[in-house]
Amino acid sequence: MNINFKLENKIKKNQIFDGNYLFIDGLSRSGKIAIAPIVSSFEKVEHFKIRANSDRLLMLYKSGHLSKEGFKYLFESDLILDVWFSMMGRDVNTNLHDLSSIVNSSKHEKYTLRVNRKDTPETFNEVAKEIQEQKLIFPFVIDNYMTVGSFLNEINKNFKYIIVMKNPIDLVFSWFRSGRGTRLGKDPYYIKPAFHIKGYDNVHYTMLNDVEEYSQANPLEKCFLIIEKQLTEYLNSDLLHSKNSCVVPFENYLIETEKYIKTFEKLLDTARTEFTSSEMIKANLPRIKDFDIFSKKANMIFDNMNEKYIHRLKNLCKRYETEISDFYKLSSITKFSKGKFK
């Protein structure tokens, strides 16, 4: 539902720092947070940030409440401030329980020393030189940006991406279990924008053109409808096949962790450190296959969705198996008795 803003004026492009930018992107609940700490342990890689505002900018743009120019300006300026503040020791996460906290980084001593820097034009220039000379890499964890991948290329063609994908059945189950089908517009802790349209309330931004179907769906079906829309946009994205991108099926990553770490090293032109192994241990990687759990998730979903949505979910799974990963196949699902999972 993008709206064309016809304005005579244009916003001048911001000049971001001459560093290296990595976006660890994927649908919500796709497993990005299991990858970010490991990448952050590499040489030259800063500790990752979860950009609280980025997904909201995307939602406002896609719903027609923010122009393309405004979206790009805010994204660029946020990048500049995020990098600048990180290098100044300002506005950084120090919560003991957050993986994105610098306290939980192997390089926390270096980051802590940055609080001694003074905010001056000279310091800004020194930081810009340091970033360029050390070829620092700044990783950001973001949601759903492959749905507007062309925008990111317009901002900077050298951005790099780790695109985390997940089997549709796993995604639907994870979304439902975390309350994604009921919390929007009702839970004050869940502050994603909810929309009112055609007399319907608490509509997800991806469903503004399908509001009747979305509003009549049960919570599990709501999760499926959103995932179907977003995952299809991902599968259609040109950035999945870019030389600057690395597609990571999460189910494969859990088992073949070493293979993907080597891929990340090549993508970023850097190397792991002595701390990478400890990050793998913290994340319980690698793991073992568990087809039984996957089958139970599938049966729970199939038992509680309308047949037309089950059919569409299976078609989405088949496309995912063909184009991304056949680690879990529909044919591998064990059928349990109907009604066992409610």
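With F173 as the aromatic partner, K296 does not meet the cation-pi criteria of under 6.0 angstrom to the ring centre and within 45 degrees of the ring axis.
Ionic pairing of R312 and E213 is present here: one or more N-O contacts between side-chain nitrogen and carboxylate oxygen are shorter than 4.0 angstrom. Using a 4.0 Å cut-off between charged nitrogen and carboxylate oxygen, E251 and K297 do not count as a salt-bridge pair. A salt bridge does not link K308 with E221: none of the charged nitrogens is closer than 4.0 Å to a carboxylate oxygen. Taking a cutoff of 4.0 Å between a charged side-chain nitrogen and a carboxylate oxygen, D143 and K32 qualify as a salt bridge. By the 4.0 Å N-to-carboxylate-O rule, D119 lies close enough to R90 to be salt-bridged with it.
Between M207 and K229, some side-chain heavy-atom pair lies under the 4.5 Å cut-off. Residues M165 and M146 fail the side-chain proximity criterion, which asks for heavy atoms closer than 4.5 Å. The shortest distance between side-chain heavy atoms of K259 and N252 does not fall below 4.5 Å. F250 is not listed as a side-chain neighbour of D170, based on a closest heavy-atom distance of 4.5 Å or more. Annotation: side chain of F48 is not in contact with side chain of L22 (no heavy-atom distance under 4.5 Å). Put simply, the side chain of D55 does not reach to within 4.5 Å of the side chain of I142, judged on heavy atoms. When side chains are defined from C-beta on, F327 counts as touching K289, because their heavy atoms get closer than 4.5 Å. In this structure, Y111 and S105 have side chains that are in contact, with non-hydrogen atoms separated by less than 4.5 Å.
Partners of F195 according to the ring-ring contact (aromatic ring centres under 6.0 Å, His included) rule, which considers only residues two or more places apart in sequence or in another chain, are H65. Here N14 pairs with Y73, E76, S77, I80 under the side chain to side chain contact (heavy atoms under 4.5 Å, CB included) rule; sequence neighbours left out. Listed by chain and number, the residues in a ring-ring contact (aromatic ring centres under 6.0 Å, His included) with F294 are Y328 (sequence neighbours excluded). For D290, the side chain to side chain contact (heavy atoms under 4.5 Å, CB included) criterion is met by D292, I293, not counting sequence neighbours.
Contact between L184 and P193 at its shortest, heavy atoms only, is CD1-O, 3.8 Å. Shown here for L79 and Y21, the closest heavy-atom pair between the two residues is CD2-CD2, 4.1 Å.
The only option from K72, R56, R51 that meets the salt bridge (Lys or Arg N to Asp or Glu O under 4.0 Å) definition with D78 turns out to be R51. Each of R117, K135, K110 was scored for a salt bridge (Lys or Arg N to Asp or Glu O under 4.0 Å) with E130, with one residue passing: R117. With V248 as reference, I35 is the one residue of I24, T263, I324, I35 to meet the side chain to side chain contact (heavy atoms under 4.5 Å, CB included) rule. When the options I310, L220, N299, N218 are evaluated for a side chain to side chain contact (heavy atoms under 4.5 Å, CB included) with N304, the one that passes is L220. Applying the side-chain hydrogen bond (donor to acceptor under 3.5 Å, both in side chains) test between K49 and each of S40, S100, S54, S86 identifies S86 as the sole match.
Separation of atoms CE (M87) and CZ (R114) is listed at 4.5 Å; rounding is to 0.5 Å. The CG atom of L74 sits 9.5 Å away from the CG atom of L60 when rounded to the nearest 0.5 Å. Note that CZ of R180 is 15.5 Å distant from NZ of K222, once rounded to the nearest 0.5 Å. With values rounded to the nearest 0.5 angstrom, K129 atom NZ is found 13.5 Å from D18 atom CG. One distance of note links CD1 of I16 with CD1 of I155; it measures 8.0 Å at 0.5 Å rounding. The distance from the CG atom of L225 to the OH atom of Y309 is 5.0 Å, given to the nearest 0.5 Å.
Clustering ILVMFWY residues whenever any of their side-chain heavy atoms sit less than 4.5 angstrom apart, transitively, puts V203 in a cluster other than the one holding I191. Hydrophobic clustering (side-chain heavy atoms under 4.5 Å, transitive across Ile, Leu, Val, Met, Phe, Trp, Tyr) keeps L136 apart from I102. In the hydrophobic clustering of this structure, Y234 groups with V148; members are Ile, Leu, Val, Met, Phe, Trp, Tyr whose side-chain heavy atoms approach within less than 4.5 Å, directly or through other members. Hydrophobic clustering, with ILVMFWY side chains joined whenever heavy atoms are under 4.5 angstrom apart, keeps V92 apart from W84.
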Enumerate donor-acceptor pairs with a distance under 3.5 Å from any side-chain N or O in residues 120-128 to protein atoms, sequence neighbours excluded.
| from | atom 1 | to | atom 2 | distance (Å) |
| --- | --- | --- | --- | --- |
| T120 | OG1 | E122 | N | 3.4 |
| T120 | OG1 | E122 | OE1 | 3.4 |
| T120 | OG1 | T123 | N | 3.0 |
| T120 | OG1 | T123 | OG1 | 2.8 |
| T123 | OG1 | K118 | O | 2.7 |
| N125 | ND2 | P121 | O | 3.3 |

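Close placement of the Y61 and F151 rings is indicated, their centers lying within 6.0 Å of each other. Aromatic ring centroids of Y145 and F23 lie 6.0 Å or more apart.
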From CA spacing to verdict: side chain to side chain contact (heavy atoms under 4.5 Å, CB included), V103, H108:
CA-CA 6 Å; V103 177; H108 64 273; 5.7 Å; no

I would like to know whether K262 and E265 meet salt bridge (charged side-chain N to carboxylate O under 4.0 Å, His left out); could you show each step before the answer?
CA-CA 5 Å; K262 289 179 179 178; E265 289 176 309; over 6 Å; no

Side chain to side chain contact (heavy atoms under 4.5 Å, CB included) for K318 and L330? Distances and angles first, verdict last.
CA-CA 8 Å; K318 289 175 184 176; L330 284 172; 3.8 Å; yes

Set out, in order, the CA-CA distance, both residues' side-chain angles and the distance that settles side chain to side chain contact (heavy atoms under 4.5 Å, CB included) for N153 and F159, then state yes or no.
CA-CA 7 Å; N153 267 345; F159 285 163; 5.8 Å; no

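Pairs passing the ring pair (Phe, Tyr, Trp, His ring centres under 6.0 Å) check and including a residue from residues 256-279, sequence neighbours excluded, do not occur.
Crowding of D238 atom CG: a count of heavy atoms from other residues, nucleotides or ligands under 6.0 Å not exceeding 12.
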